[in-house]
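This report refers to the structure that appears directly beneath it.
Start at 1 and go down the list; that is how both ligands and their atoms are numbered.
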Amino acid sequence: MLLHNPNATRQPYPDTLRAILSASAAQQSRQWLSHWPLLRAEGTPLHSLPDLAEALGVAQLAIKDEALRSPLGSFKALGAPIALARLIMRSFPEQHFRAAALFAGAHAQQLADFCVISATDGNHGRALAAAAQSLGCRCVIVLHAQVSTEREQAIATYGAQIVRIAGNYDASVAHAADLAQANGWQVVSDTSYDGYESIPGDVMQGYATLAAEVIEADQPAFTHVFLQGGVGGLAAGVVSYFWELYGAQRPTFIVVEPAQADCLYQSARLGQASIATGTVDSLMAGLACGETSPLAWRFLQPAVDGFMVIDDDEAVAAMRCLARGNRQDIPLVAGESAVAGLAGLARLMAVPEHAAQMGLDRHSRVLLISTEGATAPDLYAELVGEAATAVLARQQAWISANQR
Ligand SMILES: Cc1ncc(COP(=O)(O)O)c(C=O)c1O
């Protein structure tokens, strides 16, 4: 369940990769995104969890709470909007659109017939729908059979037209591509495929915003970063930024996936972007992806030190653990796909040989990214045993008590 990647290097960040994802382009994306009113202006908090760090046997455990990124409830709000803005700028070069005006909806009339489409397991589609609504263009979202109706409603709220298909996530990606081809629409996908890389590259570049915020937070450098994997875009965006800034001193990266949707683990095993071996129906909906993004893989293969898988029940235990909080640990609302990193860390620390393989010990300073809040509130309440609102109330009480 842990694969030590023989291809991981500590070479300086290669120019070939910098041409695709770079810290300077990430900063530009971040600056442009600052014009989108749906994003929290001050970024997301990075919380230290000392009690959990001690229980797990590491020196420091910090978690970035992407639930607070926007009302959309996940880090995906950093990807689709910037990819959409860049796509529109490329599609209408003669208009010289500027990000601030686009995000303010100033060109809505000119964009009324421009239509974007994407497949989604929920969070990317929600972010794309909201961005399209803000900019004033049309949006069609293709949902596969496993996407819950509460996730569907959350997307439809932002005015997107919904298309339901019977197959799985990968079938919905193919269906979106077919509809786009037939209607002259633009696919804005968070995963790449043959001949389709620049938009998912823009999406990944947007995700690097969260890495930039982590590095700017006044913390000693992290020795380990755990990243959950769907198609690999989140991990690639974050890894690229750390790697470019820290070079050989970069942290150790560990990617964690559901056992049923292990496409990145399989890619590491086979040495090339590959498909999952399992059923791909994990309750970690955002991570239930069967096919690696080949573009993301170009960043992950040379930089991720360990790939591992976890089971759904370990994710549920991690959700409950974060929701509970502790005397020194703030209670947090972390959704199903948010907690794979914590579950992975707990699994490694329970097997000394695996922890040692990844260099994890009582001196380690570990970063986790809680990538979503309760984006499916009914499911969250069922899994955690209490509503997200109750956890948030406990969080508020904890903050009041700790401010004194
Ligand atoms: C909450 C959440 N976390 C993590 C991921 C994984 O991101 P990626 O598919 O880019 O690897 C997703 C993807 O949808 C997600 O929704």
Side-chain angles (χ1 to χ4, degrees), residues 21 44 63-70 72-80 83 118-128 141 143-144 146-148 151 154-155 169-170 172-173 188-193 199-208 210-211 226-240 253 255-258 261-265 267 273 276 280 282-297 299-300 304 307 310 315 318-319 322 332-344 368-376 379-380:
L21 295 183
T44 54
I63 188 160
K64 189 149 174 76
D65 186 5
E66 289 298 307
L68 300 186
R69 179 65 64 184
S70 82
L72 305 165
S74 85
F75 81 102
K76 291 263 161 181
L78 294 171
S118 183
T120 187
D121 41 53
N123 289 329
H124 171 71
R126 194 174 180 191
L128 182 62
I141 294 295
L143 299 180
H144 62 83
Q146 304 287 333
V147 179
S148 66
R151 288 192 186 276
I155 297 167
Y169 175 74
D170 301 308
S172 66
V173 172
V188 179
S189 172
D190 55 353
T191 194
S192 68
Y193 40 87
I199 290 173
D202 290 340
V203 170
M204 289 170 5
Q205 190 70 94
Y207 300 159
L210 67 87
F226 280 73
L227 294 157
Q228 51 275 67
V231 301
L234 163 73
V238 171
V239 159
S240 69
F253 295 113
V255 164
V256 189
E257 294 171 283
D262 60 349
C263 57
L264 301 172
Y265 183 97
S267 302
V280 191
S282 167
L283 66 77
M284 294 169 254
L287 312 185
C289 304
E291 288 183 31
T292 299
S293 165
L295 183 64
W297 188 246
F299 294 83
L300 303 183
V304 173
F307 289 86
I310 55 152
M319 289 167 77
L322 290 174
L332 291 168
V333 176
E336 307 83 77
S337 298
V339 294
L342 174 56
L368 306 173
I369 316 284
S370 177
T371 46
E372 69 176 350
T375 54
L379 179 61
Y380 180 89

Does the side chain of [X] come under 3.5 Å of the side chain of [Y] through a donor N or O and an acceptor N or O?
{"X": "Glu66", "Y": "Thr44", "result": "yes"}
{"X": "Ser192", "Y": "Ser293", "result": "yes"}
{"X": "Gln228", "Y": "Ser337", "result": "no"}

Identify the residue among Thr120, Asp190, Thr375 that makes a side-chain hydrogen bond (donor to acceptor under 3.5 Å, both in side chains) with Lys76.
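Exactly one option meets the side-chain hydrogen bond (donor to acceptor under 3.5 Å, both in side chains) with Lys76, and it is Asp190.
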
Is the closest side-chain heavy-atom distance between Arg69 and Ser74 below 4.5 Å?
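They are not in contact (no side-chain heavy atoms under 4.5 Å apart), so the answer is no.
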
Return the set of residues passing salt bridge (charged side-chain N to carboxylate O under 4.0 Å, His left out) with Arg126 (not counting sequence neighbours), or none when no residue passes.
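In terms of salt bridge (charged side-chain N to carboxylate O under 4.0 Å, His left out), with neighbours along the sequence ignored, Arg126 is linked to no residue.
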
For ligand 1, the residues whose heavy atoms come within less than 4.0 Å (ordered by chain, then number):
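Only Phe75, Lys76, Asp121, Asn123, Gln228, Gly229, Gly230, Val231, Gly232, Gly233, Leu234, Gly286, Leu287, Ser337, Thr371, Glu372 have heavy atoms that fall under 4.0 Å of ligand 1, ordered by chain and number.
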
